[in-house]
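Let me begin by presenting the structure, written as structure tokens, before commenting on it.
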Amino acid sequence: FGLDEGAEPLCAVTPEEGLGNGDENDVPGFLASNALHSLSQDGFQSKEQRETFSWKQHSDKVEADAGDVVTAPPVDTDCDPEIDHPHLPEDFWVDLCTRVRNDDPSVVNLGINPERNTGYNGTHIWTAIYEENCRAVSPSADEDVCLEERVLYRLLSGLHASTTLSIAKNFYPPSKRKGRADWEANPTFFMEKFSPHPEYVRNLHFSYVVLLRALAKASSFLHHYEIRTGDVVEDETATVLLRRLLDSSILQSCSSVFSAFDESLMFAPTSLDAATDFSLQHSFKDVFFNVSSILDCVQCQQCKLHGKMAMLGYGTALKILFSPSAAISSTTLTRNEIVAFLNTLAKFSESIRHVRELTAMYVEAEKQQEKQQKGSEETETRPMMSPLPSSPPTTVTHEDSAILSVAAVDVAVGAIASLARQGLIDAQREAELIELALQRNPDLLVLARHYATLDPVKFLQLAAYVSASPTTKDGNPDAIVIGSGLAGMAAALNILDRGGKVVLLEKEHLLGGNSNKASSGINACCPDDDPNATVAPTVDSIDVFRNDTERSAGASVRKDLIDVLVRNSASAVSWLRERVGVDLSLKAQLGGHSAKRTHRPSNGMAGAEIIYGVQKAVKKYQSSGKVKILTDSKVTELIQREGCVVGVKYISLWEGESTKELYADNVVLATGGFAADRSTGSYLSQYRPELLKMPATAGEFSTGDGITLATALGAGHVDMDKVQVHPTGWVDPKEPEKLSKILAAELMRGVGGVLLN
């Protein structure tokens with residue numbers, strides 16, 4: 001997603017002191033996170049924004065103040081149609097927002113948690129949402145898609161578009177290395193997503209119209225809505241802003257834009273029993289409930305926050321539109337629903353503005369690129385450069401003082417920065433080249449003097465021959481850790497906490513490995529048990545845990561290792577809680593255990609939450625130079641001297657096949673899973689060939705690299721045939737035979753799920 005490797009993890013929700021404990025009346029600033037509030041602080045940002053709100057234009061009031069004599073404008077009865085289903089219970093839609101509730105009662109300030117690029121891939125969430133809509137409202141593929149399904153699809157698509165626009169507008173995080181003081185946009189990402197699908201933008205506008213119709217219908221109620229937060233000035237500001245929005249000419253005019261949607265056409269009678277048959281309404285409500293529940297599966301807390309807010313805003317708008325006007329009151333609309341509704345309206349308004357801004361940015365970038373191309377064409381009359389040499393350039397000496405001058409360093413840094421701005425190198429390679437330039441690497445500065453200005457691309461190609469040692473500034477690191485799963489990052493963090501320097505190597509682009517996929521929890525005894533408890537299964541003990549583990553191991557039992565496991569389990573969970581900050585407050589009794597000792601978070605999957613926390617803790621050391629994280633870097637060999645491993649050889653999968661060497665007194669091998677490798681000669685084919693045709697939940701990167709590295713030096717191995725086979729996995733109906741599956745975890749059965757044939 002374009003995030004800097006050195007950036008802080010972005011999925012967490014930033015707390016704000018003094019926000020209270022979730023009481024609706026204990027929130028500073030009713031609209032503190034809303035775009036309306038920002039107008040009161042910063043004023044209008046454009047002429048169009050001013051005209052939209054029409055603050056200086058006279059408009060009729062929504063409601064007359066006491067004593068005012070107001071001549072009502074002509075009423076267009078089509079502007080506020082009512083859905084006429086006399087037998088439908090008046091409170092049928094009142095509970096539409098109940099599934100969007102958050103179990104966490106804390107209050108979050110959206111002003112310090114804006115929607116932006118966190119790096120979280122929510123493709124599976126959106127797929128599930130769209131499929132839920134199609135399956136539940138129109139279950140048969142042979143049936144025509146009904147109006148209600150089309151409306152809900154366009155609303156979901158509009159939300160999807162708005163989310164994508166927020167990511168595109170706030171794509172690149174602040175970075176001292178990249179010279180970014182604030183979040184910056186990625187207009188290319190925007191164009192890639194929306195250029196082939198202009199209907200996404202139309203769905204965004206459609207959704208905005210739906211929200212505006214709800215605002216218009218509830219305007220009388222909202223005009224008199226009493227805002228109380230305890231801050232009199234803030235309450236008055238919010239009230240004035242809200243009423244100015246309600247008094248704006250666009251809502252008063254009931255212009256033709258509102259005809260893009262008419263809720264009164266929905267749920268039209270389709271049978272003789274239409275007076276009492278409300279199955280379509282029930283189906284629509286069930287779909288909305290289910291879509292809202294799917295958001296609970298989002299593992300990125302910030303993404304979940306904004307998704308649930310938007311769904312709550314949608315639910316409030318639909319509740320307003322589908323309910324009789326007389327039913328719109330403080331008893332049917334809660335404060336949280338009103339806040340979510342207004343923030344969702346602001347979110348979509350901003351998204352529509354983002355479309356214009358990102359389009360303008362893209363067009364401007366294209367113009368600049370054309371200018372650069374014309375400049376390049378003018379230099380094509382120069383003699384052709386000779387082909388790349390088959391061997392590295394001859395190393396120059398430090399005697400050439402001109403090369404080591406500040407001017408030469410400036411030329412090199414300028415060329416590297418230009419390559420980064422054009423997207424020709426990633427942040428990691430940029431940092432490596434900058435470090436070489438600042439260290440006045442003579443090879444690099446010679447290349448810069450001859451190539452950087454005339455042919456920066458050739459400069460980049462030749463720079464691959466310059467020896468770059470990815471070590472800390474003071475020399476070799478104390479340890480090299482191979483693999484960034486929980487084992488690797490836990491080892492790295494423990495070394496860092498003790499003052500050591502670490503280089504962490506990971507062949508994938510993202511950290512976490514298969515540890516990211518763990519979902520059921522981590523077993524431990526007994527960090528939370530009440531020492532005074534006497535009734536099973538509350539009581540657990542090291543002996544009980546040991547016996548359970550030995551019984552599960554069967555003939556393969558290793559009592560010495562099992563003793564290490566159970567005796568250190570409590571301290572492991574305590575370390576994750578206290579050092580890493582992972583919530584492991586829930587416990588379950590899973591297979592093979594005679595007590596509840598599987599700990600898991602209350603706000604997500606265990607693996608993702610643990611990896612997120614450990615990764616965040618490790619990356620905090622990057623700014624001090626204590627740790628260097630090299631992703632897209634595959635270790636190809638362990639370097640051995642006099643019987644000791646003293647370093648590694650690796651290649652950068654991003655840059656090419658040139659081998660680099662790295663040395664340290666300690667090398668930690670924390671990788672080796674091989675369940676995804678089905679190639680001829682793979683470990684799976686050697687030790688468990690009968691499993692080659694079975695799907696695997698391990699990532700495609702699981703090819704046994706660590707085992708290969710170790711055995712090449714003569715290391716032995718044990719238990720190679722011990723490959724775990726899990727009974728349940730999720731099957732994609734579109735690709736039922738796909739050999740890569742997502743685990744349907746044991747946790748599902750452990751908390752009461754029943755496995756049916």
Side-chain angles (χ1 to χ4, degrees), residues 5 428 470 477-496 500 502-518 522 561 572 606-608 610-612 614-615 617-619 627-640 644-654 659-679 681-688 696-724 740 743:
E5 295 300 325
Q428 178 179 311
D478 295 295
I480 300 168
V481 178
I482 307 171
S484 69
L486 179 55
M489 282 204 285
L493 184 55
N494 274 280
I495 295 170
L496 292 166
V502 177
V503 172
L504 181 64
L505 290 160
E506 168 59 54
K507 76 174 181 180
E508 291 299 295
H509 188 63
L510 298 177
L511 304 180
N514 284 317
S515 300
N516 261 323
K517 299 170 177 284
I522 179 170
L561 297 181
I610 290 173
I611 288 298
Y612 168 74
V614 179
Q615 176 180 255
V618 169
K619 286 190 173 183
V627 66
K628 190 160 192 175
I629 300 173
L630 300 178
T631 56
D632 301 301
S633 299
K634 180 179 180 179
V635 176
T636 58
E637 183 182 341
L638 299 177
I639 301 173
Q640 191 178 30
C644 297
V645 175
V646 296
V648 302
K649 293 182 179 180
Y650 74 98
I651 58 174
S652 172
L653 301 177
W654 181 272
T659 300
K660 302 177 183 180
E661 295 183 358
L662 179 61
Y663 294 89
D665 292 335
N666 304 281
V667 177
V668 180
L669 194 59
T671 181
F674 57 81
D677 187 4
R678 298 179 176 81
S679 63
S682 66
Y683 295 118
L684 195 64
S685 67
Q686 294 179 49
Y687 297 100
R688 293 297 297 274
T697 60
E700 295 180 358
F701 47 81
S702 302
T703 53
D705 297 354
I707 298 173
T708 301
L709 292 170
T711 54
L713 298 182
H717 47 61
V718 296
D719 298 331
M720 291 292 285
D721 61 331
K722 299 299 186 291
V723 179
Q724 183 184 29
S740 177
L743 183 69

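Everything numeric here is computed off the predicted structure, so don't read it as measured data.
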Tell me, please, which residues at least two apart from [X] pass side-chain contact (heavy atoms from CB on, under 4.5 Å).
X: Ala698; answer: Asn514, Ala675, Ser702
X: Leu561; answer: Arg558
X: Ala479; answer: Ile495, Asn666
X: Ile522; answer: Val573, Leu576, Leu584, His599

So which heavy atom on [X] is nearest to which on [Y], and how close?
X: Leu511; Y: Asn516; result: O-ND2, 3.0 Å
X: Val667; Y: Val645; result: CG2-CG1, 3.8 Å
X: Tyr650; Y: Ser633; result: CD1-CB, 3.8 Å
X: Thr697; Y: Leu743; result: CG2-N, 3.6 Å

Using side-chain hydrogen bond (donor to acceptor under 3.5 Å, both in side chains) as the criterion, list what pairs up with [X], not counting sequence neighbours.
X: Thr671; value: none
X: Ser515; value: none
X: Thr711; value: none
X: Asp677; value: Ser679

[atom1]/[X] to [atom2]/[Y] distance, rounded to the nearest 0.5 angstrom?
X: Lys628; Y: Leu504; atom1: NZ; atom2: CG; answer: 13.0 Å
X: Asp632; Y: Leu505; atom1: CG; atom2: CG; answer: 11.5 Å
X: Leu630; Y: Leu653; atom1: CG; atom2: CG; answer: 11.5 Å
X: Leu669; Y: Ile480; atom1: CG; atom2: CD1; answer: 11.5 Å

Considering only heavy atoms from C-beta outward, does the side chain of Ile707 approach that of Met720 to under 4.5 Å?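 Sidechains of Met720 and Ile707: in contact.
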
Treating [X] as the side-chain partner and [Y] as the backbone partner, does any N or O pair qualify as donor plus acceptor under 3.5 Å?
X: Gln686; Y: Gly681; value: yes
X: Lys507; Y: Phe701; value: yes
X: Thr708; Y: Gly706; value: no

Non-neighbouring partners of Lys634 that pass salt bridge (charged side-chain N to carboxylate O under 4.0 Å, His left out), sequence neighbours left out: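 For Lys634 there are no salt bridge (charged side-chain N to carboxylate O under 4.0 Å, His left out) partners, ignoring immediate neighbours.
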
Please list, chain by chain and in numerical order, all residues satisfying salt bridge (charged side-chain N to carboxylate O under 4.0 Å, His left out) with Arg688, sequence neighbours excluded.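 Partners of Arg688 by the salt bridge (charged side-chain N to carboxylate O under 4.0 Å, His left out) criterion, ordered by chain and then number, come out as Glu690.
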
Is it true that atom CG of Asp665 has more than 12 heavy atoms of other residues, nucleotides or ligands lying nearer than 6.0 Å?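 At most 12 heavy atoms, drawn from other residues, nucleotides or ligands, come within 6.0 Å of this atom.
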
For the CD atom on Gln640, are there more than 12 heavy atoms of other groups (residues, nucleotides or ligands in this structure) within a distance under 6.0 Å?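 Counting neighbours around CD of Gln640, more than 12 heavy atoms of other residues, nucleotides or ligands fall under 6.0 Å, so yes.
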
For Tyr687, which residues count as a ring-ring contact (aromatic ring centres under 6.0 Å, His included) partner, sequence neighbours excluded?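 Once residues adjacent in sequence are excluded, the partners of Tyr687 under the ring-ring contact (aromatic ring centres under 6.0 Å, His included) criterion are His717.
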
Output side-chain donor-acceptor pairs under 3.5 Å for residues 481-493, partner residues at least two apart or in another chain, one line each.
residue, atom, partner, partner atom, Å
Ser484, OG, Glu506, OE1, 2.6
Ser484, OG, Gly512, N, 3.1

For side-chain contact (heavy atoms from CB on, under 4.5 Å), just list the numbers for Asp705 and Val635, CA-CA rounded to whole Å, side-chain angles, deciding distance to a tenth of an Å, and then say yes or no. CA-CA 8 Å; Asp705 297 354; Val635 176; over 6 Å; no

